Each structure stands twice: as structure tokens, then as C-alpha cells.
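Here's the structure, in C-alpha cells; my notes come after.
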Amino acid sequence: MNYWLVKSEPLTYSIEQFKDDKTTLWDGVRNYQARNFLQAMTLGDLAFFYHSNTKVPGIVGLGKVSQTQVIDPTQFNPQSPYFDPKSSPDSPRWFTVELVYVKTFAQVISLAQLKEQFKGEDFALVKKGNRLSVMPVPEKIAQKILTQKIFSGV
DNA sequence: GCCAACGTTGGC
DNA sequence: GCCAACGTTGGC
């Protein structure tokens with residue numbers, strides 16, 4: 001099983017909304033590198049839910065991949081901000097996954113904290129200039145994040 | 001195929 | 001609101 005991190009601006013889609021929805025289609029990703037990661041996801045993979053562009057950016061919770069290789073429907077919808085006129089149903093360009101809500105952490109694991117803890121490690125989030133909205137998280141790092149939340153989240 | 005211009009992301 | 005980093009576009 002693999003671990004991932006997905007970013008969302010809470011004003012656009014928050015962990016609270018995710019909790020209410022129970023499942024969500026991770027649509028609107030229009031970056032090839034991010035799409036490739038979405039396509040690499042397998043059933044049961046865990047995804048850290050990250051709030052970006054907010055007062056305290058950081059990991060706020062956890063989701064699980066519940067459906068893979070989903071064709072992002074927004075690419076065909078001219079009304080959608082994610083409409084892509086160059087994509088066609090015959091050869092769709094953008095794929096995504098469905099996520100099911102797992103939990104919200106007791107407190108935000110802030111970007112500042114993550115940078116400090118995983119400085120220099122193989123974790124795209126803490127590297128300079130990274131703007132990817134979907135990225136892999138090495139298992140060792142994922143385990144550390146999960147473990148510290150199990151202890152502090154009680 | 002190069003690269004300048006432009007747009008977007010996202011931390012601060 | 002600023003701006004660095006980076007992706008994309010389009011002229012040539």
C-alpha cells in the first residue's frame with residue numbers, strides 16, 4: 001500500500017466538508033505530474049489531507065482511495081472551471097480517484113513542523129519551490145506522521 | 001526546439 | 001499583498 005498527500009484550499013474544499021460528504025471525487029487536477037500520481041494510486045492507499053493557502057497550512061486528516069482510474073468528469077463540462085477543450089471522451093486527458101473520509105487529526109500538523117521534522121528527507125512537500133497538489137509520501141515518513149498522531153490525538 | 005511572456009500556486 | 005518558483009503557451 002502507498003501513501004500520498006493531497007492539497008486543497010479549505011475555502012474550496014475542506015476536511016470538514018469531506019467528513020460530511022464521506023466520499024469525494026478528487027477532480028480538477030490539471031497538472032500532468034499530479035495526474036500521474038493520481039493514476040498510480042491503488043485501492044486502499046492512504047492520502048493525507050492537506051490544507052493550503054490558509055492561516056496554518058498543514059496536514060489536517062486522512063482519506064483512503066476507494067476508486068481508481070476515474071475519468072474526471074469536469075474536463076468535459078464547459079460550465080466547469082476545470083473544463084479542458086482539448087480533452088475528449090474518446091481519449092480523456094485527466095484521471096482521478098475517489099477518496100473516502102477516514103479521520104480528522106486532533107490538531108493540524110503544520111507545514112512548519114513538517115519542514116522541521118523532515119528537513120532534507122525525500123518528501124516533496126518540504127522541498128523548496130514545490131507546488132504539486134498531489135504527491136507521494138515515503139512509507140517511513142507516513143508512519144512517523146501517523147504514529148505521532150496516534151499518541152497526541154487521544 | 002528554444003525561450004520570453006504570462007499565469008498560477010501557495011507560503012509568508 | 002508580495003513574490004519566488006514553476007508550468008504552459010505561442011512566436012519564431
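In this text, all values refer to a predicted model and were calculated from it rather than measured experimentally. Naming convention: chains lettered A, B, ... in sequence-line order (proteins, then strands); numbering from 1 in each chain.
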Original post:
Taking for each residue the nucleotide of DNA chain C with the nearest heavy atom, is it A:Gly129 or A:Lys86 whose nucleotide lies nearer the 5' end?
Top reply: A:Gly129
**OP:** Measure the distance from CG on A:Asn130 to C1' on B:dT9 and round it to the nearest whole Å.
**Re:** 10 Å
Original post:
When the distance from CE of A:Met135 to C1' of C:dC6 is rounded to whole Å, what number comes out?
Top reply: 14 Å
Original post:
Rounded to whole angstroms, how far apart are CG on A:Leu11 and P on B:dG11?
Top reply: 13 Å
**OP:** Check step by step if side chain to side chain donor-acceptor pair (under 3.5 Å) holds for A:Thr74 and A:Asp72.
**Re:** CA-CA 6 Å; A:Thr74 61; A:Asp72 184 339; 2.6 Å; yes
Subject >> Side chain of A:Lys7 (C-beta onward), nearest among B:dG10, C:dG7, B:dG11 >> reply: B:dG10
**OP:** Can you label the angle between the A:Phe123 ring and the A:Phe118 ring as parallel, tilted or perpendicular, going by 30° and 60°?
**Re:** perpendicular
Subject >> From C:dG7, B:dC12, B:dG10, nucleotide with atom closest to A:Lys115 side chain >> reply: B:dC12
Original post:
Parallel under 30°, tilted from 30 to 60°, perpendicular over 60°: which one fits the rings of A:Phe49 and A:Trp26?
Top reply: perpendicular
**OP:** Report the relative orientation of the aromatic rings in A:Phe105 and A:Phe48; use parallel for angles under 30°, tilted for 30 to 60°, perpendicular for over 60°.
**Re:** tilted
Original post:
So how far is it from A:Ile141 CD1 to A:Leu146 CG, rounded to the nearest 0.5 Å?
Top reply: 12.0 Å
Subject >> Sugar-phosphate, base or nothing in reach of A:Leu125, heavy atoms under 4.0 Å >> reply: nothing
Subject >> Nucleotide B:dT9, atom P - distance to CG of A:Leu5 in whole Å >> reply: 17 Å
Subject >> Between P of B:dT9 and CD of A:Gln33, the distance in whole Å >> reply: 15 Å
Original post:
A:His51 has an atom NE2; how far is it from atom P of B:dG11, in whole Å?
Top reply: 12 Å
Original post:
Quick one: on DNA chain C, does A:Tyr32 or A:Arg131 contact a more 5' nucleotide (nearest heavy atom)?
Top reply: A:Arg131
Original post:
When the distance from CG of A:Leu114 to C1' of B:dG10 is rounded to whole Å, what number comes out?
Top reply: 15 Å
**OP:** Send over the distance from A:Lys128 NZ to B:dC12 P, rounded to a whole Å.
**Re:** 13 Å
Original post:
Reckon A:Lys127 touches a base, only the sugar-phosphate, or nothing at all at heavy-atom distances under 4.0 Å?
Top reply: nothing
**OP:** Report yes if at least one side-chain N or O of A:Tyr50 is closer than 4.0 Å to OP1 or OP2 of B:dT9; otherwise report no.
**Re:** no
